[in-house]
Amino acid sequence: MGEVRADRGAAGQLSEAAESELLQQCEEQFARLEKLQNEIILCEPDICENHQEQSVNRLAATDAELKLWMSTEPSSLAANAEILLHAGKDEMLKLCSELEMVVSCCEAKRDKLRETKELEQKWLEEKKQVLLAANDHIERLRVEKEKYSEHNILLDTKAKIKKMKTYQEQLMESLGDILGKHVPPPQEESTASKKKKNIPLEISEDLVSLNTILEVLMDKVMNTPHDPYVTIDHTFWPPYVEMLLRYGIAVRHQENNFKIRLETFF
């Protein structure tokens with residue numbers, strides 16, 4: 001491409017003889033074109049009312065002319081070697097310019113692809129590091145899980161159960177202290193008060209405390225949740241039962257008034 005440009009610069013403009021010959025050929029071709037144009041205008045038929053027929057005729061004429069040009073062998077307009085060389089150099093320079101643009105576009109695209117490749121490689125390396133860290137974490141968890149055997153799990157569960165039982169005992173002791181302080185046990189009342197309330201004069205020694213009644217109700221709910229009712233017998237002091245029912249701590253059985261259960265508080 002550099003040699004072609006150097007030759008073009010060395011050759012310079014066409015000689016006067018070649019330039020005159022080229023101008024003459026151009027004028028001859030232009031005159032021929034004018035003549036052909038005039039013949040076409042004179043030979044063109046009048047506008048036909050049938051536009052479809054006119055279109056078919058034009059299509060047939062165009063097809064015949066195309067076949068004629070296809071069968072004609074091309075020939076150069078000028079026979080002068082200097083003119084042909086000058087025209088060839090112009091075409092070559094034009095082609096070289098277009099090729100330079102293509103090369104420039106390819107280089108720009110190559111640089112863009114290289115930049116994208118570098119970014120993708122960097123992203124891939126980061127993902128590999130994350131994957132390695134995740135695999136290390138999974139392996140560490142697996143080792144810890146193997147060390148944390150079933151025996152350790154059983155011991156941990158037993159310790160939790162023991163802790164809950166201890167906490168339950170503390171709650172029951174606190175409940176017993178509160179009930180012993182604020183709820184008096186069954187006692188003999190005065191004879192006048194008993195007669196006024198129509199209560200028997202004697203209180204059975206088998207009566208249990210309110211704390212015991214609550215323990216029985218809670219044990220029943222915990223041990224047999226499908227049948228939480230407790231049958232009221234002679235050891236349940238009626239005022240205690242009435243207090244539990246009145247304050248919503250216990251409820252009666254819908255079909256048997258001699259059965260009660262602890263109210264559901266959740």
Side-chain angles (χ1 to χ4, degrees), residues 1-139 142:
M1 184 173 62
E3 293 177 357
V4 173
R5 289 179 177 175
D7 294 342
R8 172 65 185 271
Q13 300 293 332
L14 290 173
S15 61
E16 294 182 0
E19 187 175 355
S20 300
E21 183 179 352
L22 182 60
L23 290 175
Q24 184 179 356
Q25 290 180 358
C26 290
E27 290 177 356
E28 291 177 357
Q29 294 296 329
F30 184 72
R32 185 180 177 187
L33 287 175
E34 285 185 347
K35 181 180 178 181
L36 292 174
Q37 185 177 5
N38 293 330
E39 291 178 357
I40 292 173
I41 294 174
L42 294 175
C43 294
E44 187 168 340
D46 297 336
I47 299 176
C48 182
E49 295 181 356
N50 192 342
H51 296 283
Q52 184 175 2
E53 182 179 358
Q54 184 179 2
S55 300
V56 172
N57 295 333
R58 288 182 178 178
L59 180 60
T62 304
D63 187 47
E65 185 176 359
L66 177 61
K67 290 181 180 179
L68 178 61
W69 280 107
M70 292 292 292
S71 62
T72 303
E73 294 184 2
S75 60
S76 60
L77 296 178
N80 192 326
E82 184 180 359
I83 296 175
L84 294 177
L85 179 62
H86 193 276
K89 288 182 178 180
D90 286 341
E91 290 295 329
M92 186 63 67
L93 290 173
K94 182 179 179 181
L95 180 60
C96 291
S97 177
E98 293 177 354
L99 289 176
E100 286 180 351
M101 294 178 62
V102 173
V103 171
S104 178
C105 293
C106 291
E107 290 178 350
K109 188 175 181 180
R110 181 196 60 191
D111 296 339
K112 184 64 177 180
L113 290 175
R114 184 182 290 112
E115 182 180 355
T116 304
K117 178 183 176 182
E118 294 176 355
L119 293 176
E120 293 293 338
Q121 288 179 346
K122 183 179 179 181
W123 178 83
L124 180 60
E125 291 297 329
E126 292 177 355
K127 294 303 178 183
K128 286 182 179 179
Q129 295 296 329
V130 173
L131 181 60
L132 290 176
N135 290 333
D136 293 340
H137 183 66
I138 292 173
E139 184 66 20
R142 186 182 63 79

Exercise for the section: Answer yes or no: does atom CZ of R142 have more than 12 heavy-atom neighbours from other residues, nucleotides or ligands under 6.0 Å? Expected result: yes
Practice task
Find the distance between OG (S71) and CG (L66) and round it off to the nearest 0.5 Å.
Solution key: 9.5 Å
Practice task
Can you establish whether the number of heavy atoms outside E65 located under 6.0 Å from its atom CD is more than 12?
Solution key: no
Exercise for the section: Provide the full list of salt bridge (charged side-chain N to carboxylate O under 4.0 Å, His left out) pairs with a residue in residues 104-122, sequence neighbours left out, each pair given once. Expected result: D111-R114
Practice task
Quick one: list whatever passes salt bridge (charged side-chain N to carboxylate O under 4.0 Å, His left out) with E27, sequence neighbours left out.
Solution key: none
Problem - Separation between CG of L124 and CD of Q129, rounded to the nearest 0.5 Å - result: 10.5 Å
Exercise for the section: To the nearest 0.5 angstrom, please state how far the NZ atom of K35 sits from the CZ atom of F30. Expected result: 15.0 Å
Handout entry: Under the salt bridge (charged side-chain N to carboxylate O under 4.0 Å, His left out) test, residues paired with D63 that sit two or more places apart
Key = K67
